[in-house]
Amino acid sequence: MTMSVRALARAKLTLSLRVLGRRPDGYHDLEALVVSVREPHDAVSLRLRPAVGVGLRLSGRAAPGVPTGEANLAVRAARLLLEEVDEAHNPGPWVGAGLDIALHKAIPVGAGLGGGSADAAATLVAGARLLGLALDAPALAGLGAGLGSDVPFCLTGGAAFMRGRGEVLEALHPLGPLPLVVAVPPFALPTPAVYATWDRLGGPRSERDRPAPPAMAGLLPDGLANDLEPAAEAVEPRLRPFREGLEALAGAPSVLAGSGSAYAVPVRSEGEALALAAVVAAKLGAVAFATRPVPRGIELEGGPA
Ligand code: C5P
């Protein structure tokens with residue numbers, strides 16, 4: 001019987017984001033074009049343990065600052081699965097069991113790359129497999145949506161339009177080749193503060209539209225834009241100089257990832273992405289990734305999710 005399962009959790013990159021307005025529940029209605037990217041990614045290893053409860057062990061470059069208790073979305077995802085075991089009509093051998101999570105973090109925290117949501121999605125997929133729970137994709141998405149707005153996308157991954165507060169997904173055909181650099185400055189941005197500032201500024205629409213790369217032809221009539229950028233710049237004054245430095249090095253425009261603080265620059269080739277990532281890391285003190293979209297958000301080790 002399988003006692004452990006490992007899954008890769010890909011970062012979510014927002015290539016364009018329009019905020020349509022604030023909702024009565026305090027969230028915001030969105031229209032966003034999002035993709036799973038190859039790098040950065042986290043790895044989640046789950047192991048059954050004989051005692052009840054959930055354990056978490058963190059490692060990896062991005063581990064400092066990751067919450068270890070109930071604030072960690074992977075821990076909350078694991079608890080949801082254990083509740084499913086308790087409630088199942090035919091719960092199998094795992095009633096009274098617990099889960100130990102080993103989380104290897106490479107997705108920077110507070111960068112707008114959906115790392116916590118990706119970890120939660122990987123935990124749901126790997127945990128359902130490990131516990132033998134018969135949860136189909138809509139059931140997993142339902143559990144995930146309660147954990148965070150980005151979890152449903154992270155579960156399916158690929159390329160999609162995200163609407164509603166993020167849980168309404170329209171899957172898109174895989175994009176054509178789209179080499180990218182994702183540059184993460186040495187400061188984080190808290191998502192709730194960025195949305196609250198968007199409200200306080202009166203709901204600005206970004207006018208900094210950039211032409212969409214050929215891989216996205218026809219998908220976005222306005223090109224690439226992120227309506228949260230003015231709010232993110234107001235929350236964190238170092239963001240704009242970082243972006244200007246990045247664009248000067250790239251000789252090309254960039255787009256803010258979600259609520260920030262990461263920026264993405266579409267480039268012409270994977271070689272260019274590698275070269276630019278190295279220069280950006282050296283000159284801007286950034287963590288930089290040469291990356292590209294991939295068709296899945298979660299990859300179970302040893303087979304598809
Ligand atoms: O859903 P999640 O917990 O990831 O959202 C974090 C915060 O981001 C929310 O508390 C809210 O302030 C903001 N948010 C929002 N509208 C969305 C998604 C997130 O206002 N569609």
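Counting starts at 1 for both ligands and their atoms, following the listed order.
In this structure, CG on Leu80 lies 10.5 Å from CG on Leu140, to the nearest 0.5 angstrom. The distance from atom CG of Leu124 to atom CG of Leu147, rounded to the nearest 0.5 Å, is 6.0 Å.
Residue-ligand proximity, Gly26 to ligand 1, at heavy-atom distances under 4.0 Å covers atoms 20 (O). Within ligand 1, the atoms closer than 4.0 Å to a non-hydrogen atom of Gly148 are 1 (O), numbered from 1 in the order shown. Interface atoms of ligand 1 facing Arg165, defined by a heavy-atom separation under 4.0 Å, are 1 (O), 17 (C), 18 (C), 21 (N). Here is the list of ligand 1 atoms found below 4.0 Å of a heavy atom in His28: 15 (C), 16 (N), 17 (C), 20 (O), 21 (N).
Using cut-offs of 30° and 60° for the angle between ring planes, the Trp198 and His28 rings count as perpendicular.
With atom 12 (O) of ligand 1 as the reference point, the heavy atom nearest to it among Ala32, Pro192, Gly164, Gly146 is part of Pro192.
Any N or O atom pair closer than 3.5 Å counts here, and Asp150 shares no such pair with ligand 1.
Protein heavy atom nearest atom 18 (C) of ligand 1, with residue, atom name and distance: Ser149 OG, 3.5 Å. Closest to atom 13 (C) of ligand 1 among all protein heavy atoms lies Tyr195 CD1, 3.3 Å.
Here Leu30 has side-chain heavy atoms under 4.0 Å from ligand 1, and that is the only part of it that gets that close. Contact annotation: for Tyr27 versus ligand 1, heavy atoms closer than 4.0 Å belong to both the backbone and the side chain.
The pair Asp29-Arg23 meets the salt-bridge criterion, since a charged nitrogen lies less than 4.0 angstrom from a carboxylate oxygen. The pair Glu83-Arg79 does not meet the salt-bridge criterion, since no charged nitrogen lies less than 4.0 angstrom from a carboxylate oxygen.
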Show, in sequence, the C-alpha distance, side-chain angles and deciding distance for Arg10 and Asp150, and conclude whether the salt bridge (charged side-chain N to carboxylate O under 4.0 Å, His left out) test is met. CA-CA 12 Å; Arg10 308 283 186 196; Asp150 289 336; over 6 Å; no
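Using a 4.5 Å heavy-atom cutoff, the side chains of Leu239 and Leu256 are in contact.
Residue-ligand proximity: Thr191 is placed with a non-hydrogen atom under 4.0 Å from ligand 1.
Across Arg210, Arg208, Arg18, a single residue satisfies salt bridge (charged side-chain N to carboxylate O under 4.0 Å, His left out) together with Asp222, and that is Arg18.
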